[in-house]
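Working notes, structure below.
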Amino acid sequence: MDSGNNNNNCTDIVIYKEEELLEEKKFVLKHYEIKFQLVKINYVSNIRITAQEERMITNYYYGTEMNEGDFKIQNNGLLKLCDNNIQEIYDFFLHSFNENKISIKDIKENISFNLIIKEKCIGKEYTFEISLKKKNYNNNDIIGLLCNKMNELEIKNINLDSKVNELEEEKNNLNSKVNELETKNDNLNFKVNELEEEKNNLNSKVNELEEGKNNLNSKVNKLEEEKNKLNSKVNELEEEKNNLNSKLNNDFSALENKNNILEEKLETINIQTGEYNTYFPGKEIYMRRGHGERSFIGHIDFNKKYESIPYVLTSLSALDAGDNRNIRISVNAFNITTTGFDIKIYTWADTSIYYVRVSWISFR
(Lines give C-alpha, C1' and ligand atoms only; values in the text may rest on other atoms or scores of the structure.)
Protein backbone atom coordinates (compact mmCIF):
# COMPACT_ATOMS: atom_id res chain seq x y z
CA MET A 1 0.00 0.00 0.00
CA ASP A 2 1.12 3.57 -0.63
CA SER A 3 2.08 5.82 2.24
CA GLY A 4 1.10 9.44 2.73
CA ASN A 5 -0.74 11.90 4.98
CA ASN A 6 -4.56 12.25 5.14
CA ASN A 7 -6.55 15.38 5.86
CA ASN A 8 -6.20 14.78 9.63
CA ASN A 9 -2.42 14.49 9.29
CA CYS A 10 -2.68 10.74 10.06
CA THR A 11 -0.39 8.31 8.35
CA ASP A 12 -1.97 5.84 5.89
CA ILE A 13 -1.60 2.11 6.63
CA VAL A 14 1.84 1.08 5.34
CA ILE A 15 3.07 -2.47 5.28
CA TYR A 16 6.77 -2.49 6.03
CA LYS A 17 9.13 -5.35 6.12
CA GLU A 18 9.95 -4.73 9.77
CA GLU A 19 6.49 -5.08 11.39
CA GLU A 20 5.66 -6.70 14.76
CA LEU A 21 2.09 -7.12 16.04
CA LEU A 22 2.11 -6.47 19.81
CA GLU A 23 -1.61 -6.46 20.67
CA GLU A 24 -4.93 -6.74 18.87
CA LYS A 25 -8.56 -6.23 19.92
CA LYS A 26 -11.76 -6.42 17.87
CA PHE A 27 -15.08 -4.73 18.59
CA VAL A 28 -18.41 -4.62 16.80
CA LEU A 29 -20.09 -1.24 16.51
CA LYS A 30 -23.44 -1.36 14.78
CA HIS A 31 -22.70 -3.70 11.81
CA TYR A 32 -19.01 -2.74 11.49
CA GLU A 33 -16.04 -4.67 12.88
CA ILE A 34 -13.57 -2.21 14.45
CA LYS A 35 -10.05 -3.58 14.94
CA PHE A 36 -7.40 -1.94 17.14
CA GLN A 37 -3.79 -3.08 16.75
CA LEU A 38 -0.66 -2.04 18.59
CA VAL A 39 2.20 -2.67 16.16
CA LYS A 40 5.88 -1.82 15.83
CA ILE A 41 6.80 -0.62 12.35
CA ASN A 42 10.53 -0.23 11.85
CA TYR A 43 10.84 -0.31 15.66
CA VAL A 44 8.39 2.58 16.09
CA SER A 45 5.12 1.96 18.06
CA ASN A 46 1.96 2.65 16.04
CA ILE A 47 -1.73 2.28 16.64
CA ARG A 48 -3.53 0.79 13.64
CA ILE A 49 -7.30 1.13 13.46
CA THR A 50 -9.39 -0.54 10.72
CA ALA A 51 -13.14 -0.77 10.12
CA GLN A 52 -15.14 -2.87 7.66
CA GLU A 53 -18.62 -4.24 7.39
CA GLU A 54 -18.92 -7.25 9.65
CA ARG A 55 -20.78 -9.77 7.50
CA MET A 56 -19.77 -8.67 4.02
CA ILE A 57 -16.60 -9.11 1.98
CA THR A 58 -15.85 -5.88 0.15
CA ASN A 59 -12.88 -4.68 -1.88
CA TYR A 60 -12.28 -1.78 0.46
CA TYR A 61 -11.92 -0.94 4.16
CA TYR A 62 -11.38 2.14 6.32
CA GLY A 63 -8.16 2.52 8.23
CA THR A 64 -5.40 4.63 9.71
CA GLU A 65 -2.06 4.29 11.48
CA MET A 66 -0.79 6.82 14.02
CA ASN A 67 2.44 7.07 15.96
CA GLU A 68 3.51 9.51 18.64
CA GLY A 69 4.43 12.16 16.04
CA ASP A 70 0.98 11.93 14.42
CA PHE A 71 -0.74 12.53 17.77
CA LYS A 72 1.55 15.57 18.36
CA ILE A 73 0.64 16.97 14.94
CA GLN A 74 -3.11 16.58 15.71
CA ASN A 75 -2.57 18.49 18.97
CA ASN A 76 -5.92 17.33 20.32
CA GLY A 77 -4.66 16.77 23.88
CA LEU A 78 -4.96 12.98 23.70
CA LEU A 79 -1.19 12.42 23.87
CA LYS A 80 -0.87 14.75 26.86
CA LEU A 81 -3.84 13.08 28.59
CA CYS A 82 -2.09 9.71 28.19
CA ASP A 83 1.35 10.92 29.40
CA ASN A 84 2.88 10.95 25.89
CA ASN A 85 2.69 7.14 25.76
CA ILE A 86 1.39 5.15 22.76
CA GLN A 87 0.60 2.14 24.99
CA GLU A 88 -1.49 4.40 27.25
CA ILE A 89 -3.38 5.76 24.21
CA TYR A 90 -4.06 2.20 22.99
CA ASP A 91 -5.37 1.21 26.45
CA PHE A 92 -7.45 4.41 26.50
CA PHE A 93 -9.13 3.40 23.20
CA LEU A 94 -9.91 -0.10 24.51
CA HIS A 95 -11.27 1.29 27.80
CA SER A 96 -13.48 3.78 25.93
CA PHE A 97 -14.88 0.97 23.76
CA ASN A 98 -15.57 -1.22 26.82
CA GLU A 99 -17.34 1.71 28.47
CA ASN A 100 -19.42 2.41 25.32
CA LYS A 101 -17.89 5.86 24.97
CA ILE A 102 -16.85 5.43 21.31
CA SER A 103 -19.48 5.96 18.62
CA ILE A 104 -19.61 6.34 14.85
CA LYS A 105 -19.83 10.03 13.97
CA ASP A 106 -20.44 9.58 10.26
CA ILE A 107 -19.43 7.47 7.24
CA LYS A 108 -18.52 9.09 3.94
CA GLU A 109 -18.70 5.97 1.81
CA ASN A 110 -16.11 6.91 -0.75
CA ILE A 111 -13.90 8.95 1.59
CA SER A 112 -13.77 8.21 5.32
CA PHE A 113 -15.18 6.48 8.41
CA ASN A 114 -15.19 8.80 11.43
CA LEU A 115 -15.21 7.75 15.11
CA ILE A 116 -15.79 10.08 18.03
CA ILE A 117 -14.76 9.56 21.68
CA LYS A 118 -16.35 11.45 24.56
CA GLU A 119 -14.50 10.97 27.85
CA LYS A 120 -14.58 12.77 31.17
CA CYS A 121 -11.37 13.05 33.16
CA ILE A 122 -10.63 15.07 36.31
CA GLY A 123 -13.95 16.89 36.05
CA LYS A 124 -13.34 17.96 32.46
CA GLU A 125 -15.03 16.48 29.39
CA TYR A 126 -12.87 15.70 26.33
CA THR A 127 -14.00 14.99 22.75
CA PHE A 128 -11.65 13.23 20.33
CA GLU A 129 -12.33 12.49 16.67
CA ILE A 130 -10.58 9.72 14.72
CA SER A 131 -10.87 9.67 10.92
CA LEU A 132 -10.30 6.41 9.02
CA LYS A 133 -9.57 6.82 5.29
CA LYS A 134 -11.13 4.52 2.70
CA LYS A 135 -8.61 2.05 1.29
CA ASN A 136 -8.96 -0.49 -1.51
CA TYR A 137 -7.80 -4.09 -1.15
CA ASN A 138 -5.68 -5.57 -3.92
CA ASN A 139 -6.49 -9.00 -5.34
CA ASN A 140 -4.14 -10.77 -2.97
CA ASP A 141 -5.74 -9.01 -0.01
CA ILE A 142 -9.21 -10.04 -1.21
CA ILE A 143 -8.10 -13.66 -1.63
CA GLY A 144 -6.60 -13.48 1.85
CA LEU A 145 -9.84 -12.05 3.20
CA LEU A 146 -11.82 -14.76 1.47
CA CYS A 147 -9.52 -17.44 2.88
CA ASN A 148 -9.74 -15.91 6.33
CA LYS A 149 -13.51 -15.65 6.05
CA MET A 150 -13.72 -19.27 4.86
CA ASN A 151 -11.49 -20.33 7.75
CA GLU A 152 -13.66 -18.38 10.13
CA LEU A 153 -16.78 -19.94 8.64
CA GLU A 154 -15.20 -23.40 8.85
CA ILE A 155 -14.31 -22.80 12.48
CA LYS A 156 -17.82 -21.51 13.08
CA ASN A 157 -19.20 -24.58 11.29
CA ILE A 158 -17.06 -26.86 13.46
CA ASN A 159 -18.15 -24.93 16.53
CA LEU A 160 -21.74 -25.19 15.37
CA ASP A 161 -21.37 -28.95 14.83
CA SER A 162 -19.84 -29.22 18.28
CA LYS A 163 -22.64 -27.08 19.65
CA VAL A 164 -25.21 -29.22 17.80
CA ASN A 165 -23.63 -32.34 19.31
CA GLU A 166 -23.65 -30.72 22.71
CA LEU A 167 -27.28 -29.71 22.22
CA GLU A 168 -28.11 -33.23 21.01
CA GLU A 169 -26.40 -34.69 24.05
CA GLU A 170 -28.15 -32.14 26.24
CA LYS A 171 -31.41 -33.05 24.49
CA ASN A 172 -30.78 -36.75 25.23
CA ASN A 173 -29.94 -35.86 28.81
CA LEU A 174 -33.09 -33.78 28.98
CA ASN A 175 -35.11 -36.67 27.52
CA SER A 176 -33.54 -38.95 30.10
CA LYS A 177 -34.39 -36.39 32.75
CA VAL A 178 -37.92 -36.14 31.36
CA ASN A 179 -38.25 -39.93 31.56
CA GLU A 180 -36.93 -39.87 35.09
CA LEU A 181 -39.34 -37.07 35.94
CA GLU A 182 -42.17 -39.02 34.29
CA THR A 183 -41.28 -42.04 36.40
CA LYS A 184 -41.05 -39.84 39.48
CA ASN A 185 -44.36 -38.25 38.52
CA ASP A 186 -45.97 -41.71 38.22
CA ASN A 187 -44.47 -42.67 41.57
CA LEU A 188 -45.68 -39.40 43.05
CA ASN A 189 -49.16 -39.96 41.62
CA PHE A 190 -49.14 -43.46 43.11
CA LYS A 191 -47.97 -41.98 46.40
CA VAL A 192 -50.63 -39.27 46.16
CA ASN A 193 -53.28 -41.97 45.67
CA GLU A 194 -51.92 -43.84 48.66
CA LEU A 195 -51.91 -40.66 50.70
CA GLU A 196 -55.43 -39.85 49.51
CA GLU A 197 -56.57 -43.31 50.60
CA GLU A 198 -54.75 -42.88 53.90
CA LYS A 199 -56.36 -39.45 54.24
CA ASN A 200 -59.80 -41.01 53.71
CA ASN A 201 -59.01 -43.68 56.29
CA LEU A 202 -57.86 -41.00 58.70
CA ASN A 203 -61.02 -39.00 58.04
CA SER A 204 -63.04 -42.13 58.76
CA LYS A 205 -61.09 -42.64 61.98
CA VAL A 206 -61.57 -38.97 62.84
CA ASN A 207 -65.31 -39.40 62.37
CA GLU A 208 -65.24 -42.50 64.56
CA LEU A 209 -63.24 -40.61 67.17
CA GLU A 210 -65.64 -37.69 66.90
CA GLU A 211 -68.53 -40.07 67.48
CA GLY A 212 -66.63 -41.65 70.38
CA LYS A 213 -65.95 -38.17 71.72
CA ASN A 214 -69.67 -37.34 71.56
CA ASN A 215 -70.47 -40.59 73.38
CA LEU A 216 -67.83 -39.79 75.98
CA ASN A 217 -69.25 -36.30 76.37
CA SER A 218 -72.67 -37.84 76.91
CA LYS A 219 -71.21 -40.21 79.50
CA VAL A 220 -69.33 -37.32 81.10
CA ASN A 221 -72.58 -35.38 81.35
CA LYS A 222 -74.26 -38.38 82.96
CA LEU A 223 -71.33 -38.82 85.32
CA GLU A 224 -71.51 -35.11 86.08
CA GLU A 225 -75.19 -35.54 86.98
CA GLU A 226 -74.34 -38.57 89.13
CA LYS A 227 -71.50 -36.61 90.68
CA ASN A 228 -73.90 -33.78 91.54
CA LYS A 229 -76.31 -36.34 93.04
CA LEU A 230 -73.46 -37.91 94.98
CA ASN A 231 -72.32 -34.49 96.14
CA SER A 232 -75.85 -33.81 97.29
CA LYS A 233 -75.87 -37.21 99.04
CA VAL A 234 -72.46 -36.47 100.55
CA ASN A 235 -73.81 -33.19 101.86
CA GLU A 236 -76.77 -35.02 103.36
CA LEU A 237 -74.44 -37.63 104.87
CA GLU A 238 -72.16 -34.85 106.12
CA GLU A 239 -75.13 -33.22 107.77
CA GLU A 240 -76.19 -36.58 109.17
CA LYS A 241 -72.61 -37.17 110.34
CA ASN A 242 -72.64 -33.81 112.10
CA ASN A 243 -75.93 -34.72 113.75
CA LEU A 244 -74.53 -38.10 114.80
CA ASN A 245 -71.37 -36.46 116.09
CA SER A 246 -73.49 -34.07 118.07
CA LYS A 247 -75.57 -36.99 119.40
CA LEU A 248 -72.40 -39.01 120.11
CA ASN A 249 -70.93 -36.06 121.96
CA ASN A 250 -74.10 -35.83 124.00
CA ASP A 251 -74.15 -39.60 124.60
CA PHE A 252 -70.43 -39.55 125.43
CA SER A 253 -71.03 -36.77 127.95
CA ALA A 254 -73.87 -38.83 129.47
CA LEU A 255 -71.61 -41.92 129.57
CA GLU A 256 -68.83 -39.88 131.13
CA ASN A 257 -71.27 -38.77 133.78
CA LYS A 258 -72.39 -42.38 134.36
CA ASN A 259 -68.74 -43.53 134.39
CA ASN A 260 -67.90 -40.89 136.95
CA ILE A 261 -70.83 -42.11 139.04
CA LEU A 262 -69.67 -45.74 138.64
CA GLU A 263 -66.11 -44.79 139.52
CA GLU A 264 -67.40 -43.04 142.61
CA LYS A 265 -69.39 -46.18 143.46
CA LEU A 266 -66.41 -48.46 142.68
CA GLU A 267 -64.31 -46.47 145.10
CA THR A 268 -66.72 -47.66 147.81
CA ILE A 269 -66.69 -51.34 146.61
CA ASN A 270 -64.14 -53.77 148.11
CA ILE A 271 -63.14 -56.35 145.51
CA GLN A 272 -60.58 -59.10 146.23
CA THR A 273 -59.38 -62.02 144.09
CA GLY A 274 -57.14 -65.05 144.49
CA GLU A 275 -56.40 -68.68 143.65
CA TYR A 276 -56.44 -71.86 145.71
CA ASN A 277 -54.14 -74.80 144.73
CA THR A 278 -54.35 -78.19 146.32
CA TYR A 279 -53.05 -81.79 145.98
CA PHE A 280 -55.51 -82.80 148.74
CA PRO A 281 -53.00 -83.24 151.64
CA GLY A 282 -54.07 -86.17 153.82
CA LYS A 283 -56.68 -87.24 151.28
CA GLU A 284 -54.60 -87.97 148.20
CA ILE A 285 -55.51 -91.67 147.87
CA TYR A 286 -59.04 -90.93 148.95
CA MET A 287 -59.54 -88.38 146.11
CA ARG A 288 -57.61 -90.37 143.54
CA ARG A 289 -58.83 -93.94 144.07
CA GLY A 290 -61.94 -93.73 146.16
CA HIS A 291 -65.47 -94.41 145.02
CA GLY A 292 -68.72 -92.63 145.67
CA GLU A 293 -69.10 -89.13 147.10
CA ARG A 294 -65.79 -87.56 148.20
CA SER A 295 -64.84 -84.00 149.10
CA PHE A 296 -61.99 -81.83 150.30
CA ILE A 297 -62.47 -78.60 152.29
CA GLY A 298 -59.92 -75.77 152.47
CA HIS A 299 -59.96 -72.29 154.07
CA ILE A 300 -59.13 -68.92 152.50
CA ASP A 301 -58.57 -65.67 154.41
CA PHE A 302 -59.31 -62.23 152.88
CA ASN A 303 -56.44 -59.78 152.54
CA LYS A 304 -58.69 -57.04 153.90
CA LYS A 305 -61.60 -57.46 156.26
CA TYR A 306 -65.05 -56.54 154.91
CA GLU A 307 -67.43 -54.36 156.88
CA SER A 308 -70.19 -56.87 156.11
CA ILE A 309 -70.30 -60.37 154.68
CA PRO A 310 -69.30 -60.16 150.98
CA TYR A 311 -70.38 -62.08 147.90
CA VAL A 312 -67.95 -64.84 146.79
CA LEU A 313 -67.72 -66.39 143.30
CA THR A 314 -65.59 -69.48 142.57
CA SER A 315 -64.45 -71.11 139.30
CA LEU A 316 -62.27 -74.01 138.23
CA SER A 317 -59.08 -72.76 136.57
CA ALA A 318 -56.95 -75.97 136.46
CA LEU A 319 -57.60 -79.72 136.86
CA ASP A 320 -55.50 -82.94 136.80
CA ALA A 321 -57.69 -86.05 136.58
CA GLY A 322 -57.43 -89.72 135.49
CA ASP A 323 -57.91 -90.20 131.77
CA ASN A 324 -59.74 -93.55 131.88
CA ARG A 325 -62.77 -92.35 133.82
CA ASN A 326 -65.42 -89.70 133.47
CA ILE A 327 -64.54 -86.34 135.05
CA ARG A 328 -66.98 -85.20 137.73
CA ILE A 329 -66.16 -82.20 139.99
CA SER A 330 -67.91 -79.37 141.79
CA VAL A 331 -66.42 -76.29 143.55
CA ASN A 332 -68.27 -73.84 145.85
CA ALA A 333 -67.75 -71.45 148.78
CA PHE A 334 -69.51 -71.65 152.18
CA ASN A 335 -69.13 -70.43 155.74
CA ILE A 336 -68.49 -66.91 154.37
CA THR A 337 -67.50 -64.29 156.95
CA THR A 338 -66.03 -60.78 156.85
CA THR A 339 -62.51 -62.29 157.25
CA GLY A 340 -62.66 -65.35 154.96
CA PHE A 341 -64.53 -68.42 153.70
CA ASP A 342 -64.28 -72.21 153.26
CA ILE A 343 -63.98 -73.79 149.82
CA LYS A 344 -65.35 -77.28 149.10
CA ILE A 345 -64.06 -79.44 146.22
CA TYR A 346 -66.47 -82.32 145.57
CA THR A 347 -66.47 -85.41 143.25
CA TRP A 348 -68.40 -88.72 143.02
CA ALA A 349 -68.62 -92.17 141.45
CA ASP A 350 -65.23 -93.48 140.22
CA THR A 351 -63.69 -90.14 139.07
CA SER A 352 -59.97 -89.86 139.91
CA ILE A 353 -58.77 -86.35 140.91
CA TYR A 354 -55.03 -85.55 141.34
CA TYR A 355 -54.87 -81.77 141.45
CA VAL A 356 -57.22 -78.76 141.46
CA ARG A 357 -56.73 -74.99 141.15
CA VAL A 358 -59.68 -72.72 142.03
CA SER A 359 -59.99 -68.99 141.18
CA TRP A 360 -62.21 -66.82 143.38
CA ILE A 361 -63.47 -63.22 143.59
CA SER A 362 -65.18 -61.48 146.51
CA PHE A 363 -66.85 -58.07 146.55
CA ARG A 364 -69.09 -55.90 148.70
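Expressed to the nearest 0.5 Å, how far CD1 of I309 lies from CG of N335 amounts to 10.5 Å. For the atom pair OG1 (T314) and CD (E275), the distance works out to 13.0 Å, reported to the nearest 0.5 Å. Going from atom CD1 of I41 over to atom CD of E20 covers 11.5 Å, rounded to the nearest 0.5 Å. Between the CG atom of N187 and the CG atom of L181 there is a distance of 11.5 Å, given to the nearest 0.5 Å. A distance of 12.5 Å separates OG in S352 from CG in N326, rounded to the nearest 0.5 Å. To the nearest 0.5 angstrom, E196 atom CD is 5.5 Å from N200 atom CG.
Here the closest heavy-atom approach between residue V356 and residue I329 is recorded as CG2-CD1, 3.6 Å. In plain terms, the two heavy atoms of M287 and R294 that are nearest each other are O-NH1, 3.0 Å.
Q52 and E33 are not linked by any side-chain donor-acceptor pair at a separation below 3.5 angstrom, with hydrogens and angles left out of the test. Y306 and S362 share a side-chain donor-acceptor pair at under 3.5 Å. A donor and an acceptor atom, one from each side chain of E239 and N235, are nowhere located under 3.5 Å apart.
Using a 4.5 Å cut-off on side-chain heavy atoms (C-beta onward), Y354 and E284 make no contact. The shortest distance between side-chain heavy atoms of K26 and K35 falls below 4.5 Å. Contact check for K133 versus S112: no side-chain heavy atoms found under the 4.5 Å cut-off. Residues K134 and F113 fail the side-chain proximity criterion, which asks for heavy atoms closer than 4.5 Å. Annotation: side chain of F36 is in contact with side chain of Y90 (closest heavy-atom distance under 4.5 Å). Between I353 and F296 there is no side-chain heavy-atom pair separated by less than 4.5 Å. Side-chain contact between P310 and I336 is present, with heavy atoms from C-beta onward closer than 4.5 Å. Residues L115 and I104 are in side-chain contact: their nearest non-hydrogen atoms beyond the backbone lie under 4.5 Å apart.
Counting non-hydrogen atoms of other residues, nucleotides and ligands closer than 6.0 Å to CZ of F190 gives a total of 12 or fewer. Summarising the local packing, CD of E236 is surrounded by more than 12 heavy atoms from other residues, nucleotides or ligands at distances under 6.0 Å. The number of heavy atoms from other shown groups lying within 6.0 Å of NZ (K283) is above 12. Atom NZ of K101 sits in a crowded spot, with more than 12 heavy atoms from other residues, nucleotides or ligands closer than 6.0 Å. Around atom CD of E256, more than 12 heavy atoms belonging to other residues, nucleotides or ligands sit under 6.0 Å away. More than 12 non-hydrogen atoms from other residues, nucleotides or ligands lie less than 6.0 angstrom from OH of Y286. E180 CD: more than 12 foreign heavy atoms inside a 6.0 Å radius. By the 6.0 Å contact criterion, CZ on R328 is enclosed, its count of non-hydrogen atoms from other residues, nucleotides or ligands being greater than 12.
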- [ ] Verify salt bridge (charged side-chain N to carboxylate O under 4.0 Å, His left out) between K72 and E68, making sure each step is shown before the conclusion.
- [x] CA-CA 6 Å; K72 284 180 180 179; E68 185 178 331; 3.6 Å; yes
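Linking Ile, Leu, Val, Met, Phe, Trp and Tyr residues whenever their side-chain heavy atoms come within less than 4.5 Å leaves F27 and I116 in two separate clusters. I345 and L313 are not part of a single hydrophobic cluster, where members link through side-chain heavy atoms under 4.5 Å apart. Following chains of ILVMFWY side-chain contacts shorter than 4.5 Å, one can reach I327 starting from L316, so the two form part of one hydrophobic cluster. In this structure, Y60 is a member of the same hydrophobic cluster as L132, with clusters built from ILVMFWY side-chain heavy atoms closer than 4.5 Å.
Relative ring orientation between F128 and F92 is described as perpendicular, the plane-to-plane angle rising above 60° on a 0-90° scale split at 30° and 60°. Aromatic ring orientation, Y355 versus Y279: tilted (interplanar angle from 30° to 60°).
With hydrogens and angles disregarded, a donor-acceptor distance shorter than 3.5 Å links the side chain of R325 to the backbone of D350. Although no hydrogens or angles enter the test, the distance criterion places a donor-acceptor pair under 3.5 Å between the side chain of Q272 and the main chain of K304.
Of the residues Y276, W360, Y311, the one that meets the ring-ring contact (aromatic ring centres under 6.0 Å, His included) test with F341 is W360.
The cationic group of K344 lies under 6.0 Å from the six-membered ring centre of Y346 and within 45° of the ring axis, placing it in a cation-pi geometry.
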